[in-house]
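Chain naming here is simple, since letters A, B, ... match the order of the sequence lines and numbering starts at 1 in each.
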Amino acid sequence: MEKVYDPHDFEDRLYRDWEEHGYFTAVRDDNKVPFTIMMPPPNITGQLHMGHALDNTLQDAITRFKRMQGYCALWLPGTDHASIATEVKIVEEMAKEGLTKEGVGREEFLKRAWAWKEKYGGRIVEQLKKMGSSCDWSRLSFTMDEKCSKAVREVFVNLYNKGLIYRGSRIINWCPHCRTALSDAEVIYGEENSFFWHLKYQIEGSDEYLVVATTRPETMFGDTAVAVNPEDERYKHLIGKNVILPIVGKPIPVVGDEHADMEFGTGCVKITPAHDPNDFEVGLRHNLPVVRVMNDDGTMNENAGKYCGMDRYECRKLLEKDLEEGGYLLKKQPHAHNVGHCYRCDCTVEPIVSKQWFVKMAPLARPAINAVTYKKTTFIPERFAKIYYNWMENVKDWCISRQLWWGHRIPVWYCPDCGAEICLKTDPEVCPKCGGRHLRQDEDVLDTWFSSALWPFSTLGYPDDTPDLDYFYPTDLLVTGYDIIFFWVARMIFSGLEHMRKVPFRYVLIHGIVRDDKGRKMSKSLGNGVDPLVIIDKYGADSLRFSLLQGVAPGNDMRYSETKVESCRNFMNKIWNASRYVVMNCEGRNIKPLSEVKLAAADKWIISKLNAAVRDVTLALNKFELGVACQILYDFMWSDFCDWYIELTKPALWSDDEVKKDDAVSVLHYVLTTALKLLHPFVPFITDEIYRSLPGTQGSVMVQDFPRYNSKLSYKKESTAFEGIMDIIKSVRAVKTETGCAPSKKVTLYVMAANRRMISANADSILKLGGAAEIKFVASKEEAGEKPVTKVLPNCTLFIPMGELVDLEKEKERLEKELERVTGEIRRADGKLNNQGFLSKAPKSLVDSEREKLNKFCDLREKLLSQLKDLQD
RNA sequence: GAAGGUGUAGUUCAGUUGGUUAGAACGCUACCUUGACAUGGUAGAGGUCGUUGGUUCGAGUCCAAUCAUCUUCACCA
């Protein structure tokens, strides 16, 4: 093994090896329990970012853990065609050649799109491999591949036949830039400073007028009424009369409707059913005509009279001037309000009445709510269930048609001859109603999320009854960020229930987003994104993985900082070098199974620590608390194994006792191999590389059994006793530092103890780690020579003569400080034990341990007092 | 407007069903190149767990109020 840890030496090589051995491939086995995770498919336009890195590391760690535990673990990867995002890219690319989408036509456009997908769609896959992702590439899927497309078709037709998909003219969100409809989830609202224009609408044949306040004056050409509250005394009498629409001169009715809030604005609302969701509803209630005044590109149409052809904002400007000149503009008041933007291009969306396809949500939402209520699916952390309910309970029908070309084309045909609308699982040649040969397919494609919603079963072969579907569905876990609960998680749940009759996954592990070191969201516009590949190149994938997992708590955002990766790299180096120590010492030695080793106290201590780590890591992982698991392993490896145990083996390994050496090496070997297995799910590369370097191992660590907790290895009594030895060592070190004694100076250690056996047995360790020359047992302080420093421990008292270095005053201070601490403890324990409530209500074990502590501290106090008294003399 | 998160050491964060004197990393101080590792070791400084009440024998942890901060959803034209 090389002296310094260098991940470049092995990461790529090991990944190839794993792939070649087919370790990632889930082979169905009826003797095994399946464990399935569906990877949230990244967009084919995407590049690996820290969000992916976190998401995939979580999934990979859990998959590797389950695989080692003997589950048939399937982590199914794939990519998403990302309808809008990809289409925008292709259009941009064509624009460079001076081409337009309409110019080249649908067929040629799709050809280019597929070529683009072939060229760039695999980038993200290669990047995921650099992370060490152990997904089953043999099952790699794509939302537009044959399998998934078949599922989309099946689902669409079934929903259509059940009447759960319908086509209708409704108010939808329209992006004038992307020129497509958007679902509610695809609109992002942001507050903007604008104005309130107060406009004068004259009552027909009267001097009276109403003042309406609007933020969208340019939509007035589509006004088909003015609403006032039916209870409003100011305007009640005008209901049923007409007002004259300014500029246009057209009479429109005044209607009474609850929608008009008497407290807000002037209490009069202009009603533009074609351009406002609320007005649309009012329009339905009062049978008002719907007049669209805008084209798909955001320009005004012929209904806007002289403003026809103008951009919506240009029109607003000119109209304002005209209204003012006509005396209609009474007031222009600054006003901040929320405006919707397209989540892809950020363009201001336009609510518009348009003929689109919708999924009827009410019948689908109910079972989806129940599934979570009855814990068929559990959110981790649970609070996200509330967010889910809130959305599901208020969900409106889902607009699924998009005026794009890249995507699943809507499988509906229209017959111009008889007017039939045909929706079938196979493409019709002729009209099944009239035999007409002029069928025309609907031009639109489906929302990308329509196919993503089917991901947990479309990838397994639905609608066919495949063995994979039978074996792996429902899946076990979904890992994703809270930002796509609505887009994706919710839609998968109702889709799974509707089409498979079972929830798609049992647990949803929600994680936060990765922010930059200042807590800001990483974004292109801020330019603060960190490329995981650059970090991997610099520090290795394991360091990046560990830095993302350490301290991660479900649902919480986390900050990325390179310092953290660096500290994780240092941890990797620590593991590396500790292993190097073990490997070097294994050379030429007889490595025995633990059962044949004569275990010393230190051995039992580290074995019990390891055993506890096995238990706690397994518990944490079963609860998907990866951050906790990593912390346990970090502490075990660095503090227990490296700082203590390795140092403790040195006296034996430097001795001439061959049996002792074999024993020491055997325990080192056992502890390290077990620890490597525990660490493997988190840092797969380094653990495998070391595992293969260790004598007596075969193959990769990734196919070994995950260690199991063994109650016989807990050695509770021996470990506690050994911790007493560790306390002696720590005390000697501390005394040396406190007295300013050079660490290299070997002191003589006088020990006053009732039980000398344990100390004698571990004398070597105390001498080596404490930096002492010899240990002498004494019966009193007087035997320890001139002015020794005193350290009182629970089971013994240490005297260390420091010669000239000792300052009596300082020594007294030290003992008094110690006494103060102990007295505090006694006060606390005493208080508890004198509390009737505590005695009667606290568990017995707690009372006992409190009593034990009290005794211990009382004893310590006695000793301290006696030492202080000695010092006075 | 509604819902929710967060607030713990100088900084970034853990803290599992309430139960030792609240932990880690980074940074800081002093000392140390000892044969796995200076990407290291030893010892140490640093926190009244946002504030105030309450429940409890016992609260960082549960409840209420309050302040600060962030997010999501809805939206009054």
Side-chain angles (χ1 to χ4, degrees), chain A residues 1 3-5 189 196 212-216 219 227 259-261 263-272 276-279 282 337-338 381 383-384 386-387 390-391 394 482-483 485-486 512-513 517 519 539 543 547 550-553 555-559 561 563-564 566-585 616 619-620 623 625 627-628 630-631 634-635 638-639 642-643 646-647 650 653-654 730 733-738 740-744 768-769 771 821 824-825 828-829 831-832 835-843 845-846 849-850 853:
Chain A
M1 288 176 75
K3 182 172 174 182
V4 172
Y5 159 72
Y189 289 89
F196 238 162
V212 301
T214 180
T215 54
R216 308 277 326 265
T219 63
H259 170 61
D261 180 347
E263 310 292 314
F264 190 83
T266 59
C268 308
V269 196
K270 67 195 237 357
I271 300 299
T272 324
D276 182 279
N278 290 306
D279 292 5
V282 176
H337 67 140
N338 273 336
R383 66 184 140 91
F384 287 100
K386 279 187 200 167
I387 295 175
N390 186 44
W391 189 77
N394 300 298
Y482 55 68
D483 45 340
I485 292 178
F486 308 136
I513 56 173
D517 55 353
Y539 298 99
S543 300
S547 76
Q550 203 184 24
V552 74
N556 285 3
D557 288 352
M558 61 184 313
R559 288 188 200 206
S561 81
T563 323
K564 198 167 166 193
E566 215 175 292
S567 86
C568 291
R569 190 269 324 268
N570 295 352
F571 180 47
M572 294 306 117
N573 189 57
K574 192 76 182 172
I575 296 173
W576 183 262
N577 278 294
S579 306
R580 216 157 59 85
Y581 173 83
V582 176
V583 169
M584 280 161 60
N585 284 296
D616 297 340
L619 279 173
K623 288 187 277 181
E625 287 171 352
V628 175
C630 283
Q631 196 54 47
Y634 186 95
D635 292 340
W638 205 311
S639 310
C642 294
D643 290 347
I646 283 190
E647 294 307 320
K650 284 177 181 175
L653 288 176
W654 296 349
K730 284 189 226 172
R733 287 167 173 173
V735 165
K736 281 180 143 191
T737 309
E738 280 165 24
C741 164
S744 51
K768 163 76 175 65
L769 273 65
R821 188 185 70 92
E825 283 292 351
R828 193 191 49 77
K832 273 195 174 183
N835 185 331
Q836 264 316 313
F838 178 74
L839 291 175
S840 59
K841 286 177 184 168
S845 61
L846 202 70
S849 83
E850 212 55 53
K853 256 184 276 176

For a quick check of understanding: with a heavy-atom distance under 4.0 Å over all strands, which category does [X] fall into, base, sugar-phosphate or nothing?
| X | answer |
| --- | --- |
| A:C642 | base |
| A:T215 | sugar-phosphate |
| A:D261 | base |
| A:Q631 | sugar-phosphate |

Whole angstrom value for the distance that separates [atom2] of [N] from [atom1] of [X]:
| X | N | atom1 | atom2 | value |
| --- | --- | --- | --- | --- |
| A:L769 | B:G41 | CG | P | 13 Å |
| A:N394 | B:G1 | CG | P | 19 Å |
| A:D557 | B:U72 | CG | P | 10 Å |
| A:F264 | B:G1 | CZ | C1' | 13 Å |
| A:L619 | B:U17 | CG | P | 13 Å |
| A:E647 | B:A36 | CD | C1' | 9 Å |
| A:R383 | B:U72 | CZ | C1' | 12 Å |
| A:K832 | B:U56 | NZ | P | 17 Å |

Under the 3.5 angstrom rule, does the side chain of [X] hit a backbone N or O of [Y] as a donor-acceptor pair?
| X | Y | value |
| --- | --- | --- |
| A:K736 | A:P743 | yes |
| A:N390 | A:K386 | no |
| A:R733 | A:G771 | no |
| A:N577 | A:N573 | yes |

Against A:K270, only a single residue in A:T219, A:D279, A:D276 fulfils side chain to side chain donor-acceptor pair (under 3.5 Å); can you say which? A:T219
Work out how far the [atom1] atom of [N] is from that of [M], and round it to whole angstrom.
| N | M | atom1 | result |
| --- | --- | --- | --- |
| B:G50 | B:A68 | C1' | 8 Å |
| B:G27 | B:U12 | C1' | 11 Å |
| B:G60 | B:U16 | P | 12 Å |
| B:C63 | B:G19 | P | 15 Å |
| B:A64 | B:U55 | C1' | 10 Å |
| B:A3 | B:U17 | P | 25 Å |
| B:G47 | B:G40 | C1' | 28 Å |
| B:G7 | B:G46 | P | 24 Å |

Could you check A:K650 against A:Y581 for side-chain contact (heavy atoms from CB on, under 4.5 Å), going step by step and ending with a plain yes or no? CA-CA 10 Å; A:K650 284 177 181 175; A:Y581 173 83; 3.4 Å; yes
Can you tell me which nucleotide in [options] comes closest to the side chain of [X]?
| X | options | value |
| --- | --- | --- |
| A:F486 | B:A43, B:A77, B:U72 | B:U72 |
| A:N390 | B:G19, B:A24, B:C73 | B:C73 |
| A:V4 | B:C73, B:C32, B:U39 | B:U39 |
| A:D643 | B:G19, B:U42, B:U16 | B:U42 |
| A:A842 | B:A43, B:G19, B:A36 | B:G19 |
| A:T737 | B:U16, B:A43, B:A36 | B:A43 |
| A:K574 | B:A43, B:G5, B:G40 | B:G40 |
| A:N573 | B:G15, B:G19, B:U39 | B:U39 |
| A:N577 | B:A77, B:A36, B:C31 | B:A36 |
| A:F838 | B:U42, B:G19, B:A77 | B:G19 |

Check this for me: does the side-chain of A:E738 come within 3.5 Å of the base of B:A30 through a donor and an acceptor? no
Are OP1 or OP2 of [N] and a side-chain N or O of [X] less than 4.0 angstrom apart?
| X | N | answer |
| --- | --- | --- |
| A:R733 | B:A43 | yes |
| A:H259 | B:A77 | no |
| A:K768 | B:U34 | no |
| A:R559 | B:C13 | yes |
| A:K386 | B:G4 | yes |

Please indicate yes or no: is the ring centre of A:W576 less than 5.5 Å from the centre of the six-membered base ring of B:A36, with the two planes inclined by under 30 degrees? no
[N] pairs with which nucleotide, Watson-Crick or G-U wobble, both distances below 3.5 Å?
| N | value |
| --- | --- |
| B:C73 | B:G1 |
| B:G44 | B:C28 |
| B:U16 | none |
| B:A9 | none |
| B:C37 | none |

For nucleotides 25-28 of chain B, print each protein N/O atom paired with a nucleotide N/O atom at under 3.5 Å, atom names and distance only.
| unit_1 | atom_1 | unit_2 | atom_2 | d |
| --- | --- | --- | --- | --- |
| B:A25 | O2' | A:S567 | OG | 3.4 |

Please verify the inter-ring angle class for A:Y5 with A:W576; under 30° counts as parallel, over 60° as perpendicular, anything in between as tilted. tilted
If you assign each of A:G551 and A:K853 to its closest nucleotide in RNA chain B, which residue comes earlier from the 5' end? A:G551
State, with a plain yes or no, whether a side-chain heavy atom of [X] is found less than 4.5 Å away from one of [Y].
| X | Y | result |
| --- | --- | --- |
| A:K564 | A:D517 | no |
| A:R383 | A:Y482 | no |
| A:F571 | A:Q550 | no |
| A:F196 | A:T215 | yes |

